[in-house]
Amino acid sequence: MPRRLSVSVAGAVLASLLALVLHVTFNSPISPLPSLRPSSRITPNNLLKTVDRLGEGRLEGPEAVCVDGEGTLYTATRDGWIKRMQPNGSWEDWKQPGGSALLGIAVSMTGDILVCDADKGLLRVGEDGVATLASEVDGSPIIFADDVVEASDGSVYFSDASTKFGFHDWFLDLLEARPHGRLLRYDPFTKKTYVVLANLTFANGVTLSQDQDFLVVCETWRFRCLKHWLKGEQEGKTEVFIDNLPGGPDNINLAPDGSFWIALLQLRSRWIDWIHCSCMTKRVLATFPKLVEIINPMKSGAMVVNVASNGKITRMLDDSDGTVMSFVTSAMEFDGHLYLGSLQTNFIGKLSLK
Ligand SMILES: *[C@@H]1O[C@H](CO)[C@@H](O)[C@H](O)[C@H]1NC(C)=O
Ligand SMILES: *[C@@H]1O[C@H](CO)[C@@H](O)[C@H](O)[C@H]1NC(C)=O
């Protein structure tokens, strides 16, 4: 190649790179921080591959599961349905409150179902209709209601995963890795919603301890869960419940023995670790989301852990390559079995714990 031509080719390449950098710097929808990468790793046992499949084919992304006093199992799905299974195993498409994705679900003392509509906020769903309990707090809209639990005093604690990115843009929130999430409390007597904790890095699962003296809320992108005291000398204080988890904690549920089941998203893969090394790479991916679809950086697989009330992992169950259960978002124990929800399966996994 003649010298002058190679100089101009190099110049053109440099100019294009500069243009790309400027484009990405000014057009990227995110302003990322470097992300955490936990060091803990666990040896796979693949026990989640042995689940029975409930409702296979009639459920699309059953994210979360709860059971009422009569043993009827309810699930909230990505396509906006609440479906239920009677104790005799028969299924019913029960309610479709709004059409947007439904996430966390809980049975209320009133017999109604409390559910997080990712777009609309906190809903109460009963046989005779749907009520929106909370869609904003202090004038700030709830754009990513995620998980819910009701306390015996009637307070409803629920998470708003991010105040910047909604359900369909969750990957941008992961790339940005900034604390946009919050934990909220709906008071059924005043019908008002209050901020309990702000600045959480993707506020996800929330549950109460057995005595309801504290709650635990998961911060997915920080691989940790916080403990917030509701009663006693520590009331109002917040501390780390468990950190350096081997995955991003999604939903958390109290087990009958007072321990907790936490579903862990598999947020580490060679691609994701590489993406997290560089804020520039994150900006590029956020500017050109098609690239994310092409490289498909999420690793298949699923993991759940049982954590004692002192914050120590006592048991782990996984599907290391996700051929049966992938992207498990919740684990709920009932009557000696674990019920596993997932945004990627068309069934609920059921596993005997004996
Ligand atoms: C299962 O129970 C439901 C509710 O009690 C009832 O409507 C249904 O007919 C039962 N189905 C079967 C197959 O027994
Ligand atoms: C949350 O972050 C905002 C903005 O960074 C800050 O102004 C505020 O004080 C923080 N709130 C709490 C409770 O830490």
Side-chain angles (χ1 to χ4, degrees), residues 47-118 120 122-133 145 147-152 154 156 158 188 205 207-208 251-257 261 263 302 304 317 324-325 328-354:
L47 287 168
L48 293 186
K49 287 193 191 297
T50 65
V51 295
D52 292 330
R53 303 171 185 216
L54 302 181
E56 187 169 16
R58 72 181 300 154
L59 307 175
E60 188 180 319
E63 205 258 357
V65 179
C66 65
V67 177
D68 74 8
E70 270 101 59
T72 302
L73 180 145
Y74 288 82
T75 185
T77 64
R78 195 182 54 198
D79 60 353
W81 275 95
I82 301 176
K83 301 193 177 185
R84 65 184 181 187
M85 189 186 81
Q86 304 294 344
N88 64 14
S90 71
W91 278 93
E92 179 192 350
D93 294 354
W94 186 52
K95 299 276 174 186
Q96 192 185 29
S100 36
L102 298 180
L103 301 171
I105 186 166
V107 180
S108 163
M109 288 175 289
T110 62
D112 293 332
I113 295 294
L114 298 166
V115 69
C116 290
D117 181 309
K120 299 191 180 67
L122 177 66
L123 310 182
R124 180 165 53 211
V125 183
E127 287 298 348
D128 44 6
V130 178
T132 301
L133 301 183
D147 193 22
V148 58
V149 67
E150 184 186 56
S152 54
V156 180
F158 66 110
T207 198
L208 290 155
N251 284 349
I252 179 168
N253 284 299
L254 180 68
D257 68 357
W261 285 103
V304 304
L317 309 163
V324 178
M325 294 250 47
V328 166
T329 48
S330 63
M332 195 268 313
E333 182 178 336
F334 172 70
D335 206 14
H337 291 82
L338 207 55
Y339 293 83
L340 301 142
S342 162
L343 277 171
Q344 273 180 9
T345 58
N346 65 354
F347 60 87
I348 288 166
K350 180 181 178 185
L351 186 73
S352 169
L353 286 169
K354 281 170 201 112

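Counting begins at 1 with the first residue of the sequence. Note that ligands are numbered from 1 as they come in the structure, with each ligand's atoms numbered from 1 the same way.
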Query raised in the report: Tell me, which protein residue and heavy-atom name are nearest atom 11 (N) of ligand 1, and how many Å apart are they?
Result: N88 ND2, 3.0 Å

Closer than 4.0 Å and a protein heavy atom, does any atom meet both conditions relative to [atom]?
{"atom": "atom 9 (O) of ligand 1", "result": "no"}
{"atom": "atom 5 (O) of ligand 1", "result": "no"}
{"atom": "atom 14 (O) of ligand 1", "result": "yes"}

Query raised in the report: Sub-3.5 Å donor-acceptor pair from the side chain of E150 to the main-chain atoms of M109, do we have one?
Result: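 The answer is yes, because a donor-acceptor pair under 3.5 Å joins these two groups.
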
Check whether any side-chain heavy atom of [X] sits under 4.5 Å from a side-chain heavy atom of [Y], and report yes or no.
{"X": "W94", "Y": "I113", "result": "yes"}
{"X": "N253", "Y": "Y339", "result": "no"}
{"X": "T75", "Y": "L54", "result": "no"}

